[in-house]
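First up is the structure itself, then whatever we jot down about it.
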Number of protein chains: 2
Amino acid sequence: MTMKLEILTKNENRDIQKKIIEKIRDLINYKNLEPGDKLPSERTLSEKFEVSRGNIREAIQKLEFYGLLESIPQSGTFVANIGVIAMNGMIDDILRLEDPDFKSLVETRILLELKTARLAALRRTNEDLEAMKEALDAYATKVVKGEDAVQEDLLFHLAIAKASGNSTMNTFMLIITPGIITNFEKYHVCDSNQAFSGIQEHKDIYEAIKNQDPKLAKQMMKAHFKILYQYCYNQK
Amino acid sequence: MTMKLEILTKNENRDIQKKIIEKIRDLINYKNLEPGDKLPSERTLSEKFEVSRGNIREAIQKLEFYGLLESIPQSGTFVANIGVIAMNGMIDDILRLEDPDFKSLVETRILLELKTARLAALRRTNEDLEAMKEALDAYATKVVKGEDAVQEDLLFHLAIAKASGNSTMNTFMLIITPGIITNFEKYHVCDSNQAFSGIQEHKDIYEAIKNQDPKLAKQMMKAHFKILYQYCYNQK
DNA sequence: AAAACCAATCTGGTTAACCAATTTTAAACA
DNA sequence: TGTTTAAAATTGGTTAACCAGATTGGTTTT
């Protein structure tokens, strides 16, 4: 018997991955696998679920990303050290996760940046300060020339995230940034119309962080996000 | 000539991935690749960088995750629609990313949960409310029995994240949760000593969200996190 | 001259074979 | 019978071959 071969779309691929994750969850429950227990081998799962080993590996890697499984070379894949109930709950949540919409990204960005500005004011090193100054100058230079400075604007904000000294928030900022940029044409934070006021706002934030004034830093950041803020909380 | 084969540790693997990402960045700069331009094929890069095609694929997938590249089947890998400057800045940030420490995780969790509680109060559907009630009851039942209820506690918080209607924050909560659990033995949020007060606190949060009182929901969540909060902001 | 066509080539994705470390099994020895 | 040892089977990771769709360049047709 010959297997029918075809190229799968990303959606189809994601669907079979979801089904595999569901089956892994069911297996963990049916076999009463506890933290530390070993999952069946990738080959076994591949046969049992009637999918390729590559699909199994991808599903396992996804669950590894969320900290639910751990693969050890030449040994096996193991259930992470969280209980069965949390395991079930988290897998269900992961399966239900929707792609982020733009509004959700913006809302999260504002939340993160109000905090990173505050934290940066408290923790910034002199090195952080130099990096922020550099990004600020690059931004101002471009704006004065009348050129588009969206990228430089962005890098200034990322420099603040770095200066916050919180690696998790820094990572999250990096994750959401591309999605923000992609939709930026619709909702500019620093539109060319407002670019010159943007320079002053950036300077205000920078000065507050330089002077280690967390309250003012947050306030200046909030002012900087005024337009986005309105988009988020006044519109629908 | 025979190639020496050996199993690489995850650290070694991460190092060569970093080097590949650096080389991709340098290539984009040297060739002046702009948004939409096509990267050399995986095979070409594999030869040029003298690494396996699998390593190249992994590096590309990582940059895809951060939205910097896009692979299209049977066509090629393309530079995303963000400028060269942002591309350089973001790649540098990605290369410098540190593994999150526990304190960074907790700090981010508190930030996220104060917000999701508020948003849940504003947006929760009746369905969300039922899910939260279910998680709350499961938690209370276990505590009354005197059993460990860390998992149920956690699922209640995740139910709130879901009710917030913000898919990005929901995802981020899922990402940080396993790390939180793993280190939970050190710093319990709902320690068995405080489990009974934990029930009341959970009920307070639930009631505030049920009554659509965002301010109170945030306040109750803050009270619930009092101990963690102190750990974060009073201790070094 | 331009449009339509076709075959050779190139692409990312997928699969099957292979690797070395580990684990298990059973055989050999005490 | 209990311990040691070695060989066979199993493991996740890696590699090379293969797949079908997309691209490309040249040729033919209109």
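Just so it is clear: chains get the letters A, B, ... in the order the sequence lines come, proteins before strands, and each one is counted from 1.
Taking 4.0 angstrom as the limit, B:Asn13 places a side-chain polar atom (N or O) nearer than this to OP1 or OP2 of D:dT14. Distances shorter than 4.0 Å separate some side-chain N or O of B:Arg57 from OP1 or OP2 on C:dG13. Contact between the side-chain N/O atoms of A:Ser75 and the OP1/OP2 oxygens of C:dA21 is not found at any separation under 4.0 Å. The phosphate of D:dG12 (OP1 or OP2) has no side-chain N or O of A:Ser71 nearer than 4.0 angstrom. Phosphate contact (OP1/OP2 of D:dT11, side-chain N/O of A:Thr77, threshold under 4.0 Å): absent.
Per the geometry, CD belonging to B:Gln74 stands 12 Å off P belonging to C:dT11, to the nearest Å. We find that NZ of A:Lys38 is positioned 7 Å from P of D:dT11, with the value rounded to whole Å. Between the CD1 atom of A:Ile72 and the P atom of C:dT22 there is a distance of 11 Å, given to the nearest Å. Between the CD atom of B:Glu42 and the P atom of D:dA16 there is a distance of 15 Å, rounded to whole Å. Atom P of nucleotide D:dT15 and atom CD1 of B:Ile56 are separated by 12 Å, given to the nearest angstrom. What separates CG of B:Asn55 from C1' of C:dG12 is a distance of 17 Å, to the nearest Å. Spacing between atom CG of B:Leu39 and atom P of C:dC10 amounts to 18 Å, rounded to whole angstrom units. For the pair A:Glu70 CD and D:dG13 P, the computed distance is 11 Å after rounding to whole Å.
Under 4.0 Å is where a charged nitrogen must lie from a carboxylate oxygen, and between A:Arg14 and A:Asp99 at least one such pair does. Under the 4.0 Å criterion applied to side-chain N and carboxylate O atoms, A:Arg96 and A:Glu22 are not assigned as salt-bridge partners. A salt bridge is absent between B:Glu130 and B:Lys162; no separation between the charged side-chain nitrogens and carboxylate oxygens falls under 4.0 Å. Between A:Arg25 and A:Asp92 there is a salt bridge, since at least one side-chain N of the basic residue sits less than 4.0 Å from a carboxylate O of the acidic one.
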With side chain to side chain donor-acceptor pair (under 3.5 Å) as the test, would you mind laying out the steps for A:Ser41 and A:Thr44 before giving the verdict? CA-CA 5 Å; A:Ser41 75; A:Thr44 308; 2.8 Å; yes

Given the rule in the side chain to side chain donor-acceptor pair (under 3.5 Å) test, do A:Asp93 and B:Asn170 qualify, once you have shown the distances and angles that lead to the verdict? CA-CA 9 Å; A:Asp93 283 344; B:Asn170 196 1; 5.9 Å; no

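For B:Phe156 and B:His224, the gap between ring centers reaches or exceeds 6.0 Å.
If you check every strand for non-hydrogen atoms under 4.0 Å, A:Gly76 touches sugar and phosphate atoms only.
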Nucleotides 5-7 of chain D: which of its N/O atoms have a protein N/O under 3.5 Å away?
none

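Candidate nucleotides C:dT23, D:dT14, C:dT11 were compared by shortest atom distance to the side chain of B:Ser41, and C:dT11 ranks first. Each of C:dG12, C:dA17, D:dT23 was ranked by its minimum atom distance to the side chain of A:Arg53; first place goes to C:dA17.
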